[in-house]
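Below is one structure; the comments refer to it alone.
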Amino acid sequence: MEASEHLFRHEAGRMVATLTRIFGTHNIALAEDVVQDAFCRAFEVWKVRGVPENPSAWLMATAKNRAIDALRRERTARTFEPELSRLIQSEWTLAPGVEELFSENAIKDDLLRMMFSCCHPRLGEEAQIALMLNILCGFSVGEVAGAFVSTSFAIEKRISRAKRVLASSKKLFDVSAGVEFSSRLPAVQRALYLLFNEGYHGASSESAVRADLCREAMRLTAILIEHPQGATPATYALAALMHFDAARLPTRTDSSGNLSSLFDQNRSRWDSHLIAEGQRLLDLSATGPDLTEYHLEAAIAWVHATAGKTESTNWGHIVSLYDKLMTIRRSPVVALNRAIALGQLEGPVRGLEEILAITDRDRLTTYPFYYAALGEFQYRIGRYDRAREQFLKALKLARNPMERNFLEARFHACERAVQSNENLK
Amino acid sequence: MSEFVFLYRGGSRDGSPAEMQQVMQKWMNWLKELGDKGHIKDQGQPLERSGKLVKGKQKTVTDGPFAEAKDIVGGYTLIEARDLDQAAELSKGCPILERDGAVEVRPVMKLSM
């Protein structure tokens, strides 16, 4: 049997979550050691004997046996939860007790517990996402650093600080406590949203890394939806948004790996299954009075995903959705996107005015696509020299080769236009 | 055809889950290719890294590990090859070589000699 693509990574998340529940959050390092050990065994045995019929069960059983060994070894050296401490006092209760802690029913919600634990209110959003990637998704520090285009040192610091905060809570988050669940849910949704965005718009130049982040965010969102209290209209809307965006993921870059704007994408290559699933989720999100930013962003993505051609996009609808989004969660980037949509609807002069009217647009001056949008409208008006200037500014802010190539191509298009204008004179 | 034992020594056991899975896949591919070409007599077994060492007339028993971690035998495979050179050549595809490990290639002594 072949191992499925991300088997080890995904199982690592599940196993660390379960062992952390059992050992307590302050013993997360022990949990990680036990999991590493279980993987070493899997590695040694499977490479010769092949992957077993049910690799997840094999790994979990191995983790369980390793956990029993670790508890036997560490029972006097470490502190455990009173309940577990009592169980490991005697060999009579140790193995059956641990067996019980690993029962299917007991491990069912462990990933969710860990997900909520990672979104601890004392942690910043970036730390929450890094922690999720490290613990739940099985990315090493180096791999998280690669995804964030940061140094391993910086990420190591961020993750170990986050783990100390996690440890301070002693126990994993209790997902059966109704009020606490609901009050932490928005933070979890936000972290999943940002994780997806890191993949979709993030700085990493490797499209495989980016697609991985998007897929992980979708996988974790699906786990959230499986929990009755997690399946709120906002979660459905968030999942719908991810599906619509993911449907367009294969065309975000062209055949030579260059970034391709929404207008140039080959729409026949958008994934129709993901769009259909997104539509189903969007329907499920419309079951209450809630209208969240996820609803609006999903609706915007839906309009794009279902327009056969750029020209047939219902820009009026998109502008009105952005108007609503501005009242719920205003940010300069939302304002910029609204201005771009308005420019599509009413022409480049209007679009340009609208961008220049963004009150806090000074906060966009490190964002390459702010200058790119200005350049694009100038270009359409026919002011090629001004457009060229804007694309040059954008180019200097490009975060990876993909963005650089895209902006360079636009810059050269402006240059050619300037040249041919001068030739006409 | 002669028989040879590949002894796998050392080899890093660190790595992220994704890396470990990748290396495992390389092992499986390598062993499959050897098998498909009829070079595997017995695919062998992985060995635990710990054990006991029994030594000397005193028969003193000590706990492992017995050697530097980089020298510990982690498993073996029984190989069929034309000669020692070919066996050594076959071992060059072993993924352990990319992870600070070594393959010791030892001819099995022939009875008829």
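To find a chain, count down the sequence lines: A is the first, B the second, and so on, and within it residues start at 1.
Remark: A:Glu104 CD is loosely packed, at most 12 non-hydrogen atoms of other residues, nucleotides or ligands lying under 6.0 Å away. Counting non-hydrogen atoms of other residues, nucleotides and ligands closer than 6.0 Å to CZ of A:Arg219 gives a total above 12. Within 6.0 Å of CD on B:Glu33 lie no more than 12 heavy atoms contributed by other residues, nucleotides or ligands.
Across B:Leu31 and A:Val48, no two heavy atoms sit closer than the pair CD1-CA, 4.0 Å. Taking both residues in full, the closest heavy atoms of A:Arg49 and B:Gly44 are given as NH2-O, 3.0 Å, listed atom of the first, atom of the second, then distance. Contact record, A:Gln36 with B:Asp14: NE2-CA, 4.1 Å, taken as the closest heavy-atom pair. The two atoms that bring B:Pro17 and A:Gly138 nearest to each other are CD-O, 3.4 Å, heavy atoms only.
Inter-residue side-chain proximity for B:Met20 and A:Cys40 is flagged as met; some heavy-atom pair is nearer than 4.5 Å.
Note on A:His6, A:Arg41, A:Glu11: by heavy-atom pairs under 4.5 Å with chain B, the leading option is A:Arg41.
Within residues 19-35 of chain A, no residue has any heavy atom less than 4.5 Å from a heavy atom of chain B. Residues from residues 125-133 of chain A never place a non-hydrogen atom less than 4.5 Å from a non-hydrogen atom of chain B.
Of the candidates B:Gln45, B:Arg49, B:Glu48, B:Met24, A:Glu44 forms a side-chain contact (heavy atoms from CB on, under 4.5 Å) with just one, namely B:Arg49.
Using a 4.5 Å cut-off between heavy atoms, B:Gln22 makes no contact with chain A at all.
Within the 3.5 Å criterion, the main-chain N or O of A:Ser4 finds a donor-acceptor partner in the side chain of B:Gln21.
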Inset, instruction - Evaluate the side-chain contact (heavy atoms from CB on, under 4.5 Å) criterion for residues A:Lys47 and B:Val23: first the C-alpha distance (whole Å), next the side-chain angles of each, then the deciding distance (0.1 Å), finally the verdict. - result: CA-CA 9 Å; A:Lys47 74 184 189 199; B:Val23 178; over 6 Å; no
